[in-house]
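Have a look at this one.
Lettering of chains follows the sequences in order, A, B, ..., and the numbering in each one begins at 1. Given the structure is predicted, the values throughout are model-derived calculations rather than measurements. The basis for the numbers below is simple: all heavy atoms, side chains too, and nothing from hydrogens, waters or symmetry mates.
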Number of protein chains: 2
Amino acid sequence: MAPSGQATERQPLHVAISEQLKARIETGAYIPGERLPSEFDLGELFGVSRTTIRKAIGNLIQQGLVTTQRGRGIFVTEPHKISFSMANPLIYFDAVLKQQGYVGRVQSLRFQLISAPGEVARKLELGATSAPVYWQEKIIYADDTPIALDIAYYPEATGAALKEPLQQGFTYSTLVRHGIHLNAARVSLESTPATYELSEYLAVPLGMPLLVFNYVAYQGGGRGAPAKNRQPAVCGKTLSRSDWTCYTAEIEVDAPDLSILAELP
Amino acid sequence: MAPSGQATERQPLHVAISEQLKARIETGAYIPGERLPSEFDLGELFGVSRTTIRKAIGNLIQQGLVTTQRGRGIFVTEPHKISFSMANPLIYFDAVLKQQGYVGRVQSLRFQLISAPGEVARKLELGATSAPVYWQEKIIYADDTPIALDIAYYPEATGAALKEPLQQGFTYSTLVRHGIHLNAARVSLESTPATYELSEYLAVPLGMPLLVFNYVAYQGGGRGAPAKNRQPAVCGKTLSRSDWTCYTAEIEVDAPDLSILAELP
DNA sequence: TAGTGGTCTAGACCACACG
DNA sequence: GTGTGGTCTAGACCACTAC
């Protein structure tokens with residue numbers, strides 16, 4: 001192994017070291033699943049204190065390149081990726097997982113009646129802000145890895161009628177099986193760093209990027225029908241580990257609006 | 001201020017402290033833009049060492065709640081959000097920025113002819129893997145904040161003909177202005193933590209979540225026309241700061257495919 | 001010049017995994 | 001018991017900002 005991680009310019013030692021280790025991971029000198037030398041040994045190899053090594057390892061963790069296990073060691077991350085299509089935003093999570101070779105499972109953390117927060121009341125088109133809604137939080141597993149936390153709000157009637165099945169199955173599948181046919185959705189996608197609470201639920205380090213898939217799904221109406229006939233059936237968001245999930249879409253545009261360009265310099 | 005940040009259970013001190021500070025930020029006790037007490041003062045307030053305070057502040061940085069400035073202090077992050085619509089994935093970045101009240105600007109980092117990497121050759125539907133393509137990297141600013149890094153690949157003819165304008169303007173706008181009309185795109189969205197290099201370009205901490213918008217845009221063809229007539233005009237990806245950007249879509253589904261449910265338990 | 005965050009050290013104790 | 005990563009301390013020096 002190279003001598004000390006002497007910085008070439010004014011780069012901090014911990015960055016120089018983490019970049020060296022990163023290069024070794026990316027060139028395959030360390031392969032996925034392999035254990036790195038212990039913090040103590042790395043300190044000796046690079047000729048720096050354990051604190052500096054820990055900072056360097058922290059850099060790698062933040063970049064998703066390694067994970068640590070107390071008492072066991074530092075391991076190179078094994079890559080995974082599950083793709084969800086946004087072309088049909090009414091994703092049957094369980095179907096997608098099965099298609100891609102995983103066993104999907106949910107663990108319900110909470111299912112209770114609450115007063116709708118303002119945004120939820122608006123999305124579910126309830127008249128009153130404090131109308132009752134069912135609030136569910138569940139963890140979604142692919143095989144035995146927690147990959148997403150789903151937070152969903154159901155109109156009171158739906159939640160009361162499907163209390164049991166909703167706690168045991170995936171949202172869309174369960175709704176459709178029980179006669180609530182979904183045929184439209186409004187979605188958005190953003191990203192957020194894991195908070196302390198989320199990092200515990202999803203077994204990721206603090207700050208790990210999460211994809212936030214916000215959704216409102218509607219029943220009734222349909223493409224031809226007037227928008228008034230459609231009715232929100234559920235809203236919520238799915239926070240998924242970005243190291244395990246991505247979303248794809250293929251969209252054709254008919255006549256791009258060029259007028260918008262006229263206003264630009 | 002509260003006495004020492006004594007952990008209630010087995011929570012590490014640095015977590016207890018960062019959660020206390022987080023609560024103060026979220027309740028408005030510290031407001032956006034405000035300076036927190038110095039690391040030394042926080043150490044005295046909570047009765048812990050500066051190392052522990054620095055770890056706690058690091059937790060807040062990873063969650064995007066504060067930023068630090070050497071020699072100046074620790075500041076509560078000011079929230080921003082720019083929405084891009086995926087309903088039309090041919091986003092005119094500059095138009096969206098202007099609509100939302102920002103001055104958009106690009107800084108070209110690189111514009112050069114290279115041999116197409118395998119994936120690029122495939123996306124641009126070039127015959128040979130090593131066919132020449134133009135490779136551009138540019139930073140996109142909203143006012144004076146770098147919010148995204150765009151990496152684009154153009155077929156040789158396009159790049160050669162539009163060498164100057166492509167280096168000064170936004171991709172889609174420039175192409176359309178010069179007669180290359182885009183009318184289809186294939187996109188996907190994922191998220192990734194900022195590497196050391198990206199964190200410097202985008203002025204974010206290492207590991208900050210970035211949204212990765214992958215795209216291939218096509219000219220010719222069109223909705224009715226056969227897919228063969230369409231031709232890739234550009235491919236690449238836009239890595240945008242997740243604290244500044246999100247993507248939205250509204251999609252109606254005609255007849256959800258229920259057969260997929262039959263195979264599930 | 002004083003104050004701030006950034007880096008780095010040397011050492012201690014703890015909780016957990018494994019043999 | 002031994003080795004591992006997780007936490008925490010006390011202190012040093014540096015680079016940068018602001019006055």
N/O donor-acceptor pairs under 3.5 Å from side chains in residues 196-209 of chain A, not counting sequence neighbours:
{"unit_1": "A:Y196", "atom_1": "OH", "unit_2": "A:E200", "atom_2": "OE2", "d": "3.4"}
{"unit_1": "A:S199", "atom_1": "OG", "unit_2": "A:T195", "atom_2": "O", "d": "3.3"}
{"unit_1": "A:S199", "atom_1": "OG", "unit_2": "A:Y196", "atom_2": "O", "d": "2.7"}

| task | Over 60° means perpendicular and under 30° means parallel, so classify the ring planes of A:F84 and A:Y247, tilted if in between. | result |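 Ring orientation of A:Y247 relative to A:F84: tilted.
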
| said: How many whole angstroms separate atom CD of B:Q69 from atom C1' of D:dA15? | reply: 15 Å

| message | Over all strands shown, is A:I74 touching base, sugar-phosphate only, or nothing at heavy-atom distances under 4.0 angstrom? | response |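 Here A:I74 touches the backbone only, sparing every base.
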
| request: Could you tell me whether A:T51 contacts a base, only the sugar-phosphate backbone, or nothing, with contacts defined as non-hydrogen atoms closer than 4.0 Å? | output: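 Here A:T51 touches the bases of the nucleic acid.
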
| Starting at the 5' end of DNA chain C, which residue's closest nucleotide do you reach first, A:R72 or A:H14? | A:H14

| A:Y141 six-ring face occupied by A:R105 cation (under 6.0 Å, within 45°) | yes

| field | For A:Q136 against A:Q167, the heavy-atom pair lying closest together | value |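 Nearest heavy atoms, A:Q136 then A:Q167: NE2-CA, 3.7 Å.
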
| Going 5' to 3' along DNA chain C, which nucleotides are the first and last within contact of chain A (any atom under 4.0 Å from a heavy atom)? |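 Boundary nucleotides touching chain A, in 5' to 3' order, are C:dT7 to C:dC18.
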
| request: Kindly give the heavy-atom pair with the smallest separation between B:S18 and B:N59, and that separation in Å. | output: OG-ND2, 3.3 Å

| query | Mapping B:E39 and A:G71 to their closest nucleotides on DNA chain C, which lands nearer the 5' end? | reply |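 Nearer the 5' end of the strand: B:E39.
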
| Set of side-chain contact (heavy atoms from CB on, under 4.5 Å) partners for A:L113, sequence neighbours left out | A:P132, A:Y134, A:E156

